[in-house]
Novice: 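Quick one: structure below, then a few questions.
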2 protein chains.
Amino acid sequence: MALASENLTKNQKTVLDILENSSEPLKAYTILFDIQKKGIKSPLQVYRALDKLIEIGKVHKIESRNSYVACKHEGCNAKTSTSFLICENCDSVTELTGNNLFSYFSKQAEKNNFNYKKHNLEIFGLCKNCKLKN
Amino acid sequence: MALASENLTKNQKTVLDILENSSEPLKAYTILFDIQKKGIKSPLQVYRALDKLIEIGKVHKIESRNSYVACKHEGCNAKTSTSFLICENCDSVTELTGNNLFSYFSKQAEKNNFNYKKHNLEIFGLCKNCKLKN
DNA sequence: ACGTAAAATGTTATATTATAACATTACAAT
DNA sequence: ATTGTAATGTTATAATATAACATTTTACGT
């Protein structure tokens with residue numbers, strides 16, 4: 001029983017690689033243009049790789065930006081739920097972890113008689129660096 | 001000094017009206033198709049109305065679904081930040097209010113030396129009705 | 001009331017993001 | 001070896017959103 005990340009196919013590895021080496025989230029078509037030299041020619045090949053990577057938790061989608069980011073947490077438990085700090089100035093993204101968010105949201109949902117399954121949280125503001133400059 | 005909602009233009013009123021009378025979030029092109037009889041002919045007219053309505057807080061966008069929902073809260077303070085409970089079964093949406101979320105997120109951001117400005121939160125699961133059925 | 005600046009409109013074209021459909025290939029599990 | 005599942009390659013198209021520009025309406029200070 002190997003780690004899911006060890007079983008990646010060529011296309012999946014190619015896409016994951018470019019995301020892991022990016023300092024910021026990337027859009028699907030940016031990924032496509034950047035890796036056409038590696039044999040990926042169509043959007044669908046990128047989207048399919050992304051779908052798989054998201055499914056196994058190696059990549060998360062940032063919904064409000066239509067962009068994708070590699071997860072830096074070994075064995076990230078955020079296969080479904082995600083929480084990000086997004087800098088409005090430099091577009092850098094930090095992922096929040098810890099399941100205190102999970103328990104907090106469960107309670108909030110409970111108050112509304114709602115059965116919590118997962119969440120997406122995007123917090124916008126200024127990152128450490130940009131705070132200083134502004 | 002009238003309420004912003006009293007100053008709406010014809011297109012803005014038309015778009016807001018259809019959203020307020022919908023039991024669920026609507027997509028931009030669904031809105032377009034539904035109101036072509038009222039003189040709105042192009043996507044841009046819908047998107048411009050939506051932009052304005054979002055700006056004044058009468059409409060919120062649900063990022064993960066590319067859809068739009070009218071805010072039911074009189075004088076909603078969520079001009080920028082939004083928090084939703086989204087039912088995965090019936091697609092119904094409930095907006096969470098109260099600034100306890102604001103203070104909680106501010107603290108979470110603070111821990112990462114991040115200056116909180118606003119947020120989008122989408123909680124997925126089963127609403128009251130669908131919980132019973134499943 | 002008039003002039004004017006800002007906002008909204010109308011319209012055509014196009015950019016961006018994502019999926020459908022279908023034929024083929026790789027590959028792991030019996 | 002066989003077979004079922006997943007992944008791939010490819011073309012076409014759907015769905016979502018904005019650019020550019022000419023025109024009209026509106027708000028509002030004088």
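Residue numbers start from 1 in every chain, and the chains themselves are labelled A, B, ... in the order their sequence lines are given, proteins ahead of strands.
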Novice: Using residues 22-39 of chain A as the side-chain source, report each donor-acceptor pair under 3.5 Å to any protein atom, sequence neighbours left out, with the distance given to one decimal.
Specialist:
from: A:S22; atom 1: OG; to: A:E24; atom 2: N; distance (Å): 3.1
from: A:S22; atom 1: OG; to: A:E24; atom 2: O; distance (Å): 2.5
from: A:K27; atom 1: NZ; to: A:R65; atom 2: O; distance (Å): 3.2

Novice: So, A:T82 versus A:N120: side-chain donor-acceptor pair below 3.5 Å or not?
Specialist: yes
Novice: For A:E63 and B:S64, does a side-chain donor sit closer than 3.5 Å to a side-chain acceptor?
Specialist: no
Novice: Heavy atoms under 4.0 Å is the rule here; annotate nucleotides 17-30 of chain C 5' to 3' with B where the base is hit, S where only the sugar-phosphate is, and - elsewhere.
Specialist: BBBBB---------
Novice: Could you see if B:F105 belongs to whatever hydrophobic cluster contains A:L126? Use Ile, Leu, Val, Met, Phe, Trp, Tyr and a side-chain cutoff under 4.5 Å.
Specialist: no
Novice: With the 4.5 Å side-chain cut-off for hydrophobic clustering, are B:V15 and B:L44 part of the same group?
Specialist: no
Novice: Just how far, in rounded Å, is P of D:dT10 from CD1 of A:I40?
Specialist: 12 Å
Novice: Nearest whole angstrom, please: distance from the P of D:dT8 to the CG of A:L50.
Specialist: 12 Å
Novice: For B:K38 and C:dT9, what is the distance between atoms NZ and P respectively, to the nearest whole Å?
Specialist: 15 Å
Novice: When the axes are fitted on five pairs at both termini, how much does the helix from C:dA1-D:dT30 to C:dT30-D:dA1 curve, in 10° steps?
Specialist: 50°
Novice: Distance check needed: C:dT11 P versus B:Q36 CD, whole Å only.
Specialist: 12 Å
Novice: Below the 4.0 Å mark, does D:dT8 have OP1 or OP2 next to a side-chain nitrogen or oxygen of A:K10?
Specialist: no
Novice: Is any side-chain nitrogen or oxygen of B:Q45 closer than 4.0 Å to OP1 or OP2 of C:dG10?
Specialist: yes
Novice: For a quick check of understanding: with a heavy-atom distance under 4.0 Å over all strands, which category does A:T9 fall into, base, sugar-phosphate or nothing?
Specialist: sugar-phosphate
Novice: Under 4.5 Å between side-chain heavy atoms, chaining through other members, with only Ile, Leu, Val, Met, Phe, Trp and Tyr counted: pull out the rest of the cluster around A:V93, sorted by chain and number.
Specialist: A:I62, A:V69, A:F84, A:I86, A:F124
Novice: Among all residues two or more places apart in sequence or in another chain, which pass the ring pair (Phe, Tyr, Trp, His ring centres under 6.0 Å) test with B:Y104?
Specialist: A:Y104
Novice: What is the distance, to the nearest angstrom, from the NZ atom on A:K52 to the C1' atom on D:dT5?
Specialist: 11 Å
Novice: Measure the distance from CG on B:N11 to P on D:dT26 and round it to the nearest whole Å.
Specialist: 12 Å
Novice: Using atom CG of A:L53 as one end and atom P of D:dA7 as the other, report the distance to the nearest whole Å.
Specialist: 10 Å
Novice: Write down the distance between CZ (A:F33) and P (C:dA15), rounded to a whole number of angstrom.
Specialist: 11 Å
Novice: Do B:Y116 and A:L121 sit in one hydrophobic cluster, given that two such residues count as connected whenever their side-chain heavy atoms are within less than 4.5 Å of each other, even indirectly?
Specialist: yes
Novice: Who passes side chain to side chain contact (heavy atoms under 4.5 Å, CB included) against A:D51, sequence neighbours left out?
Specialist: none
